[in-house]
Protein chains: 2
Amino acid sequence: MENVQFVDNISFLEPLPDELKEKLSKMVLTKNVAKGDVLFQENDIAETIFFVNNGKIKISKSSPGGKEIVLDIRKAGEIFPEVALFSKEETTYSASASVVEFGSISMIRKADLESILLQYPELFIFIFRTMAERLRLSQNTLQNVALYGKIGSLAFTLVRLCQDYGEVNEHGITIRLKLTHEDLGSFFGATRESVTRMMNQLKNRGIVSKENGYFTVHELDSLKFYID
Amino acid sequence: MENVQFVDNISFLEPLPDELKEKLSKMVLTKNVAKGDVLFQENDIAETIFFVNNGKIKISKSSPGGKEIVLDIRKAGEIFPEVALFSKEETTYSASASVVEFGSISMIRKADLESILLQYPELFIFIFRTMAERLRLSQNTLQNVALYGKIGSLAFTLVRLCQDYGEVNEHGITIRLKLTHEDLGSFFGATRESVTRMMNQLKNRGIVSKENGYFTVHELDSLKFYID
DNA sequence: GACGGGCAGTGATTTCAATCACTGCTGATG
DNA sequence: CATCAGCAGTGATTGAAATCACTGCCCGTC
């Protein structure tokens with residue numbers, strides 16, 4: 001069954017008693033998604049919560065002028081948007097979600113997941129913690145963008161991506177996400193050209209390099225130096 | 001009793017059954033605080049959660065260079081830092097808290113409040129919602145700082161302060177918080193001089209004015225125009 | 001193997017905001 | 001009521017990053 005597979009993909013559901021797992025499985029709808037697919041847009045009514053079984057989902061907000069800020073990229077095993085849980089009827093999503101790497105997602109109605117959470121506080125606590133981490137991240141990013149300049153924000157973003165998507169190897173930490181300079185800039189509001197210039201600095205100092213589309217950080221500590 | 005008073009001050013505790021209220025009252029310590037008092041610093045071990053009975057508490061992060069970013073100002077009836085609840089042992093506060101308007105606060109051990117929350121899911125949901133709102137706010141601020149310039153951020157900050165601290169009167173909405181230009185700038189990372197120049201623009205256009213230390217917004221819609 | 005699209009690199013210029021260096025005002029305090 | 005501290009206002013200058021306008025490269029595909 002598709003949906004039995006789903007429960008196994010999402011590790012934090014593991015501690016659930018079999019009975020609840022069964023129940024959950026019946027509540028979700030699983031489907032494949034392709035790069036570029038839009039799961040929801042900012043201001044749509046928030047009725048559905050998503051689990052990522054596979055692939056990568058970009059959570060972002062954009063301005064009428066076409067500029068975009070990426071709040072997060074969710075990967076297998078993660079849930080989004082937790083922020084919509086337990087919100088009032090008619091609350092809207094506060095960001096958009098689109099697929100950046102094809103995969104599979106499972107969808108559940110907000111109210112259904114809420115009732116499961118109330119039956120199983122351990123899960124509720126897990127989601128609470130997840131949201132607390134997002135809040136910390138968002139506030140840290142804000143601090144960087146507001147207090148340190150663009151280079152500080154770039155360094156912060158690279159460190160963060162190393163944590164979430166880093167793969168340690170003999171050269172350092174490789175970020176397992178295909179990213180252009182423009183993509184990087186959209187994490188903190190810098191233009192492609194600015195990112196290019198800043199990355200050249202980092203490259204010349206031997207801190208970062210790029211090979212076939214993936215960035216590798218050679219000196220994580222030097223990056224942290226830029227942050228404070 | 002001090003602590004019976006405390007429970008009445010915090011409106012979201014109201015739906016609690018008397019028995020739990022009683023229990024809570026025994027767990028909290030209430031004390032008066034004066035302007036400038038520091039309740040905790042970033043990186044202190046997070047063991048205590050606070051309720052504001054009275055007064056205003058500033059939640060902020062600062063840089064080694066002495067610059068500061070204000071994440072929020074909490075007022076009577078609010079709780080902080082929710083983000084620390086259910087965190088692992090030894091987790092530290094991610095921001096500092098200091099008193100900007102004297103008043104009274106009640107303190108409770110993190111673990112004690114957690115156990116109450118688990119016994120009373122309605123409260124847990126309330127806190128969850130509060131945190132979701134903070135996350136939205138933080139992400140919106142980030143969007144503003146990164147995508148719209150400083151004027152956009154200033155406008156956003158004024159709108160936000162109107163919502164949280166606004167008092168509607170014949171002239172418009174007066175923000176019931178004593179704020180200097182420097183204070184305003186610290187919400188989004190601008191210097192005093194920049195805020196002065198931008199505020200002059202807004203003043204000349206009749207959008208905002210300041211009388212004995214309090215800002216009044218005359219045209220909220222014009223401000224929103226700066227945001228998008 | 002030629003073509004075209006998407007991304008990176010780079011110089012020149014402009015724009016926005018920080019910084020520096022003052023003056024002026026106001027309200028609290030001895 | 002004189003003094004002083006803290007905040008606001010303002011011009012000049014500097015600096016960081018955006019914008020504009022290109023060139024060059026790599027890679028997929030026709």
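Computed over heavy atoms, backbone and side chain alike; hydrogens, waters and symmetry mates excluded. In what follows, every chain begins at residue 1, and chains take the letters A, B, ... in the order their sequences are listed.
When atom types are taken as modelled, the side chain of B:Arg74 and the backbone of B:Lys58 share no donor-acceptor pair closer than 3.5 angstrom. A:Thr141 contributes a side-chain N or O that, together with a main-chain N or O of A:Leu137, makes up a donor-acceptor pair within less than 3.5 Å.
Every pair passing ring-ring contact (aromatic ring centres under 6.0 Å, His included) that includes a residue from residues 43-82 of chain B is listed here, sequence neighbours excluded: B:Phe6-B:Phe51, B:Phe40-B:Phe50, B:Phe50-B:Phe80. For residues 133-177 of chain A, no pair satisfies ring-ring contact (aromatic ring centres under 6.0 Å, His included), with sequence neighbours left out. Contacts classified as salt bridge (Lys or Arg N to Asp or Glu O under 4.0 Å) and involving residues 188-206 of chain B (residues at least two apart or in different chains) are not found.
A:Thr191 has no side-chain polar atom (N or O) that falls below the 4.0 Å cut-off from OP1 or OP2 of D:dA17.
In this structure, NE2 of A:His181 is placed 17 Å from C1' of D:dA18, rounded to the nearest angstrom. A:Tyr226 places its OH atom 13 Å from the P atom of D:dA16, with the value rounded to the nearest Å. Between the P atom of C:dC7 and the CG atom of A:Asp183 lies a distance of 8 Å, rounded to the nearest Å. Residue A:Glu193 contributes atom CD, which lies 10 Å from atom P of D:dC20 at whole-angstrom precision. Regarding A:Glu211, its CD atom lies at a distance of 18 Å from the C1' atom of D:dC27, rounded to whole Å. Put simply, OH on B:Tyr214 is 14 Å from P on D:dA8, counting in whole angstrom units. A straight line from CD of A:Glu182 to P of D:dT19 spans 12 Å, rounded to a whole angstrom.
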Using atom names, set out every protein N or O paired with an N or O of nucleotides 23-28 of chain C below 3.5 Å, distance rounded to 0.1 Å.
none

Protein and nucleotides 23-25 of chain D: nitrogen or oxygen contacts under 3.5 angstrom:
none

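Using a 4.0 Å heavy-atom distance criterion, B:Lys210 is classed as a sugar-phosphate-only contact. Using a 4.0 Å heavy-atom cutoff across all strands shown, B:Gly189 reaches sugar-phosphate atoms only and no base atom. A:Lys203 comes within contact range of the sugar-phosphate backbone alone, with a heavy-atom separation under 4.0 Å but no base atom that close.
Between A:Lys61 and A:Glu68 there is no salt bridge, since no side-chain N of the basic residue sits under 4.0 Å from a carboxylate O of the acidic one. Electrostatic pairing of A:Lys110 and A:Glu47 does not count as a salt bridge here, judged by no charged N lying under 4.0 Å from a carboxylate O. Salt-bridge formation is detected for the pair B:Lys75/B:Glu78: a Lys NZ or Arg NE/NH1/NH2 atom is positioned less than 4.0 Å from an Asp or Glu carboxylate oxygen. Salt-bridge formation is not detected for the pair A:Arg129/A:Glu82: no Lys NZ or Arg NE/NH1/NH2 atom is positioned less than 4.0 Å from an Asp or Glu carboxylate oxygen.
In this structure B:Ser138 satisfies the side-chain hydrogen bond (donor to acceptor under 3.5 Å, both in side chains) test together with A:Ser138, sequence neighbours excluded. Shown here are the side-chain contact (heavy atoms from CB on, under 4.5 Å) partners of B:Thr92, two or more places apart in sequence or in another chain: B:Asn43, B:Ile45. Considering only residues two or more places apart in sequence or on other chains, A:Phe102 meets the side-chain contact (heavy atoms from CB on, under 4.5 Å) condition with none of them.
Surrounding CD of B:Glu182 are at most 12 heavy atoms belonging to other residues, nucleotides or ligands under 6.0 Å away.
With 3.5 Å as the limit, one finds no donor-acceptor pair spanning the side chains of A:Ser106 and A:Lys31. When only modelled atom types and interatomic distance are considered, A:Thr216 and A:Ser209 share no side-chain donor-acceptor pair under 3.5 Å. Under the 3.5 Å distance criterion, with hydrogens and angles disregarded, no donor-acceptor pair is assigned to the side chains of B:Ser60 and B:Ser96. Side chains of B:Asn54 and B:Ser104: no donor on one and acceptor on the other come within 3.5 Å.
Taking the screw axis at each terminus of the helix from C:dG1-D:dC30 to C:dG30-D:dC1 from five consecutive base pairs, the angle between the two is 30° to within rounding of 10 degrees.
Taking a 4.0 Å limit (strictly below) on heavy-atom distances, residues 194-202 of chain B reaches DNA chain C at B:Ser194, B:Arg197. Only at 4.0 angstrom or more do the heavy atoms of residues 65-72 of chain A sit from any atom of DNA chain C, so none qualifies. For the contact set between residues 144-160 of chain A and DNA chain C, defined by any heavy atom under 4.0 Å, there are no members.
Side-chain atoms of A:Arg192 come within donor-acceptor range of the base of C:dG9, with a qualifying N/O pair under 3.5 Å.
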Decide yes or no on side-chain contact (heavy atoms from CB on, under 4.5 Å) for B:Thr196 and B:Met199, but give the supporting numbers first. CA-CA 5 Å; B:Thr196 296; B:Met199 286 302 284; 5.9 Å; no
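Under the 30°/60° scheme for interplanar angles, the aromatic rings of A:Phe128 and B:Phe128 are found to be tilted.
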